[in-house]
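Along the sequence shown, residues carry numbers from 1. Heavy-atom basis, side chains included; hydrogens, waters and symmetry copies ignored.
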Amino acid sequence: MAVHWEDRLQEPEPTVNPTAGLHENPYLIGVGRADCTGPPGDVPLMGYANLEQTAAGIHTRLFSRAFIVDNGSKRVVFVTADIGMVSQRLRLEVLKELEVKYGILYRQDNVILSGTHTHSGLGGYFQYTLFMITSKGYIKPSIKAIVNGIVKSIDIAHRNIKPGRIYMSKGELEESNLNRSPHSYLNNPAEERNKYKSNTDKQVTLLKFTDLDGDGMGMLSWFAVHAVSMNYTNQMVSSDNMGYASYLLEQEKNIGFLPGEGPFVAAFASSNLGDASPNIRGPFCANTGLPCDYLNSSCPIGGLKMCVALGPAGSDMFNNTKIIGENIFKRAKDLYGKARQEVRGPLHAAHQWVNMTDVTVQLNSTHTSRTCKPALGHSFAAGTTDGGGDLNFTQGAVEGDPFWDGIRDALLGAPSNETQDCHQPKPILFSTGEMTWPLPWHPISTTAQGTFSNAEVVVAGLCNIYTHYITTYEEYQIQRYEGASTIYGPHTLSAYIQKFRGLAKAIAEVRTTYCTLPKGPEPPFFKDSQLFSLLPAAAVDKKPINTTFGEVLERVDPEYTVHITDTMSFQRDKTFVTVEKYHNSTAHWDVVHTDASWETRFHWVKNGAESNATIEWHIPLSAQAGSYRIRHFGHYKQRKGFLETVIIAYEGVSDVFRVSKIK
């Protein structure tokens with residue numbers, strides 16, 4: 001997606017009449033937000049590829065945020081969702097739902113879906129074998145929640161569309177990201193590196209959306225950082241640092257509304273975050289405190305697993321999330337207030353499916369090369385300093401390992417000579433482009449959504465389909481995690497640049513209608529019967545004798561002071577949480593926090609067919625003195641007759657307790 005803009009130095013001036021200024025042809029703008037959390041129990045979290053890291057509660061809820069821009073003749077939708085990434089299957093499912101509702105209004109060439117790259121969102125929404133294996137298959141409740149949330153956010157934006165203006169602002173943000181593969185970066189040519197002040201992109205780019213009165217409707221920004229402040233030990237669903245930035249700005253703009261509610265939508269979308277980590281203190285050996293090996297990120301004792309990158313608060317992942325999220329929020333708030341450069345001009349979009357396994361790349365005037373069938377290198381299994389692998393793989397491997405290669409050959413078959421030659425110097429661990437059972441392991445057709453020349457360019461990451469990483473040719477030679485995960489070979493970046501140039505040219509020449517731009521080879525949409533799930537069906541719930549579902553197991557204290565954690569436990573199956581304050585004047589309980597609030601944490605502990613919920617309320621300094629209670633809502637599964645089961649709602653409530661101010 002791209003818009004052409006021209007400089008405008010004056011502040012936006014509110015108009016007295018909402019219809020005034022329409023002769024300037026303002027855009028039509030709609031913003032929307034909807035929950036896309038899904039079931040916060042048993043489902044694997046998507047990002048660290050750890051089958052043991054399954055959801056066991058809620059740290060913060062996940063949301064989809066949609067922005068519609070229309071110039072009267074063309075319309076573009078950009079969605080960023082609190083999920084790991086957008087899969088091809090997810091996008092196809094969303095487009096199907098949009099077609100049913102809106103016909104051809106929202107379609108593949110004007111809808112862009114992006115993921116924030118939180119590693120604490122639910123998995124199970126892929127149709128390719130590799131991703132199904134690492135997230136226990138295709139999990140319908142998970143993908144249904146994400147599809148419904150994305151579509152609902154677009155519905156809300158569609159309903160709220162009205163004339164407005166867009167302003168852009170840019171600035172740099174320090175102490176919030178770190179290059180986790182600096183050795184790879186140094187392999188880039190000096191003349192290329194000399195163009196930049198840092199080995200990590202520090203730029204924040206922000207779009208400010210207002211109505212014609214100048215009142216804020218929403219904000220969309222991009223910043224390059226992995227959403228991995230919540231580390232691989234976390235088992236709570238969380239929107240991580242980018243989600244916390246959204247939470248802070250939306251709470252500030254939507255005064256009097258609970259989290260996830262209110263008209264103002266603030267989205268912090270992913271950008272070129274491939275090697276950008278929020279763990280800004282860098283990698284250290286956990287057992288010695290000494291720096292890890294520079295090349296392969298391992299430790300003399302303990303190896304790869306002992307090398308862990310630390311955030312600004314050390315190993316405290318909640319404070320790391322808070323600090324990085326606050327940094328991003330504060331910079332965006334500042335840029336939002338300073339946004340003066342008005343975005344104007346035509347609106348265009350272009351889309352094309354591309355067979356990335358067979359792109360001829362023009363290297364110079366006399367030489368060409370091509371992309372490869374997808375394959376992952378040995379260093380892919382090593383993981384990163386944000387979360388290392390469990391086996392004896394290391395980053396920077398440019399030779400195979402006879403032990404692992406032998407196991408691979410016996411179980412999956414050896415890579416062909418052609419694929420091995422194409423991917424040099426990558427030692428191939430999984431030749432996924434040659435693996436098709438029970439379904440293809442990696443996508444072949446990817447989606448490219450383009451811009452045109454003479455424009456401000458923003459890289460929106462994790463969009464429309466996930467194909468791992470894209471490194472430069474030079475970084476690929478080092479074969480750290482990012483290079484080993486560049487699945488289409490050493491010329492992947494050049495191929496993408498070549499394709500984007502073609503799309504930019506098509507837009508510039510106004511050859512961008514759905515019919516005239518070749519669609520390319522459309523990807524498969526596998527039947528549900530072809531997909532598999534390794535997640536067992538939910539069992540009938542049980543409870544201890546002489547107890548009820550929702551019964552309080554651990555009583556609250558009668559009184560707490562602010563900034564103290566209030567903890568209580570329930571017998572439960574699934575949860576929704578409210579913290580409520582009693583108002584004497586109205587004799588009414590008002591909800592002050594939900595499980596979408598930063599101040600609450602919901603832990604779900606499963607023990608066979610029984611499970612307990614522990615709900616924490618981290619009482620903030622802003623809490624008013626008074627009487628409070630915590631309520632919990634859920635459902636349990638019960639057998640009815642011999643074969644039939646039913647789902648029954650239940651509720652639990654704590655004793656009333658007092659909150660007092662520190663004296």
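- In this structure, Lys373 does not pair ionically with Glu418, as no charged nitrogen and carboxylate oxygen lie closer than 4.0 Å.
- Summarising the geometry, atom CD1 belonging to Ile487 is positioned 10.0 Å from atom CZ belonging to Phe380; distances are rounded to the nearest 0.5 Å.
- Here NE2 of His117 is found 11.0 Å from CG of Asn241. Values are rounded to the nearest 0.5 Å.
- Listed for the Ser221 side chain is no donor-acceptor partner under 3.5 Å among the backbone atoms of Thr205.
- The side-chain heavy atoms of Ile29 and Met217, taken from C-beta on, include a pair separated by under 4.5 Å.
- The closest donor-acceptor contact from the side chain of Thr210 to the backbone of Gly216 lies at 3.5 Å or more, if one exists at all.
- Residues Leu90 and Ile150 share a closest heavy-atom pair of CD2-CD1, 4.2 Å.
- In this structure, Pro425 and Gln479 approach most closely via the heavy-atom pair O-CG, 4.3 Å.
- Looking at Glu326 and Leu248, their side chains come closer than 4.5 Å, going by heavy atoms from C-beta outward.
- There is no side-chain donor-acceptor pair under 3.5 Å between Ser485 and His468.
- In this model, a donor atom of one side chain and an acceptor atom of the other lie less than 3.5 Å apart for Asn71 and Ser73.
- In this structure, Ser379 and Ala484 approach most closely via the heavy-atom pair CB-CB, 3.7 Å.
- Rounded to the nearest 0.5 Å, atoms CG (Leu363) and CD (Gln498) are 9.0 Å apart.
- The local environment of CD in Glu175 is sparse, with at most 12 non-hydrogen atoms from other residues, nucleotides or ligands closer than 6.0 Å.
- Side-chain atoms of Ser64 never come within 3.5 Å of backbone atoms of Ser153 as a donor-acceptor pair (strictly under, hydrogens ignored).
- In this structure, the side chain of Asn296 does not engage the main chain of Gly396 through any donor-acceptor pair within 3.5 Å.
- One side chain, Arg91 or Asn464, offers a donor N or O that lies under 3.5 Å from an acceptor on the other.
- At a cut-off of 3.5 Å, with distance as the only test, no side-chain donor of Thr200 or Asn177 sits close to an acceptor on the other residue.
- Between Ser431 and Ala375, the closest heavy-atom pair is CA-CB, 4.1 Å.
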Tyr185/Arg193 under side chain to side chain contact (heavy atoms under 4.5 Å, CB included): CA gap, chis, key distance, verdict: CA-CA 8 Å; Tyr185 182 81; Arg193 289 184 279 113; 3.6 Å; yes
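- To the nearest 0.5 Å, atoms OH (Tyr481) and CD (Gln395) are separated by 9.0 Å.
- Between Ser176 and Asn327, the side chains place a donor N or O and an acceptor N or O closer than 3.5 Å (distance only, hydrogens not considered).
- In this structure, Ala382 and Leu304 approach most closely via the heavy-atom pair O-CD2, 2.7 Å.
- No side-chain heavy atom of Met356 sits under 4.5 Å from any side-chain heavy atom of Thr467.
- The pair Glu172-Arg331 does not count as a salt bridge, with every side-chain nitrogen at least 4.0 angstrom from each carboxylate oxygen.
- Lys426 has its side chain out of reach of Gln420: every pair of non-hydrogen atoms, C-beta onward, lies at least 4.5 Å apart.
- Side-chain contact check for Asn320 and Asn279: no donor-acceptor pair (N or O, by modelled atom type) lies under 3.5 Å.
- Side chain to side chain, Arg75 and Tyr106 meet the donor-acceptor criterion of an N or O pair below 3.5 Å.
- Two rings, from Tyr247 and Phe329, have their centers 6.0 Å or more apart.
- Atom CG of Asp386 sits about 10.5 Å away from atom OH of Tyr232, to the nearest 0.5 Å.
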Go through the steps for Cys299 and Cys285 under the test disulfide bond (SG atoms under 2.5 Å apart), then give the verdict. CA-CA 6 Å; Cys299 298; Cys285 295; 2.2 Å; yes
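- You'll find the ring centres of Phe209 and Phe67 inside the 6.0 Å limit.
- Remark: aromatic rings of Phe78 and Trp222 are close, center separation under 6.0 Å.
- Residues Ser114 and Met85 fail the side-chain proximity criterion, which asks for heavy atoms closer than 4.5 Å.
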Audit row: Ser238, Ser120, side chain to side chain donor-acceptor pair (under 3.5 Å) steps and yes/no: CA-CA 5 Å; Ser238 176; Ser120 296; 5.1 Å; no
In sequence, state the C-alpha distance, the side-chain angles, and the governing distance for Thr60 and Ser239, and then conclude on side chain to side chain donor-acceptor pair (under 3.5 Å). CA-CA 6 Å; Thr60 57; Ser239 57; 3.0 Å; yes
Start with the C-alpha gap between Ile154 and Val79, add the side-chain angles, then the distance that decides, and say whether side chain to side chain contact (heavy atoms under 4.5 Å, CB included) holds. CA-CA 8 Å; Ile154 295 174; Val79 175; 3.8 Å; yes
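- Looking only at side-chain heavy atoms (C-beta outward), Lys499 and Leu503 stay at 4.5 Å or farther from each other.
- Remark: Arg65 engages Asp82 in a salt bridge, criterion side-chain N to carboxylate O under 4.0 Å.
- For the residue pair Asn110/Lys74, the side-chain donor-acceptor check at 3.5 Å is not satisfied.
- A side-chain donor from one of Gln88 and Tyr128 sits under 3.5 Å from a side-chain acceptor of the other.
- A donor-acceptor pair is defined here as one N or O able to donate and one able to accept, closer than 3.5 Å; such a pair exists between the side chain of Tyr27 and the backbone of Gly345.
- Between Ser229 and Asp240, the closest heavy-atom pair is N-OD1, 3.0 Å.
- For the residue pair Ser181 / Asp275, no side-chain donor-acceptor distance below 3.5 Å is found, with atom types taken as modelled.
- Put simply, the side chain of Thr471 never gets that close to the backbone of Gly483: no donor and acceptor are under 3.5 Å apart.
- In this structure, His442 and Leu376 have side chains that are in contact, with non-hydrogen atoms separated by less than 4.5 Å.
- A salt bridge links Asp334 with Lys338; the closest basic N to acidic carboxylate O contact falls under 4.0 Å.
- Note on ring orientation: taking the six-membered ring where Trp is involved, the planes of His491 and Tyr473 are parallel (angle under 30°, cut-offs 30° and 60°).
- By the 30° and 60° cut-offs, the orientation of the rings of His226 relative to Tyr469 is parallel.
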Check the pair Glu342, Arg165 against side chain to side chain contact (heavy atoms under 4.5 Å, CB included), reporting the backbone distance first and the verdict last. CA-CA 7 Å; Glu342 185 167 5; Arg165 294 190 174 93; 3.2 Å; yes
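- For the atom pair CZ of Phe223 and CG of Leu173, the computed distance is 4.0 Å after rounding to the nearest 0.5 Å.
- Looking at Leu335 and Lys333, their side chains never come closer than 4.5 Å, going by heavy atoms from C-beta outward.
- Side-chain contact of Thr360 with Gln362: a donor-acceptor pair under 3.5 Å is absent, judged by distance alone.
- Panel note: side chain Glu250, backbone Ala266; a donor-acceptor pair is recorded below 3.5 Å.
- Panel note: side chain Thr492, backbone Ile470; no donor-acceptor pair is recorded below 3.5 Å.
- Using a cut-off of 4.0 Å between Lys/Arg side-chain N and Asp/Glu carboxylate O, Arg480 and Glu475 are scored as not salt-bridged.
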Could you walk me through whether Tyr488 and Thr357 satisfy the side chain to side chain contact (heavy atoms under 4.5 Å, CB included) test, starting with their C-alpha distance in whole Å, then the side-chain angles of each, then the deciding distance to 0.1 Å, before giving a yes or no? CA-CA 6 Å; Tyr488 298 116; Thr357 70; 4.1 Å; yes
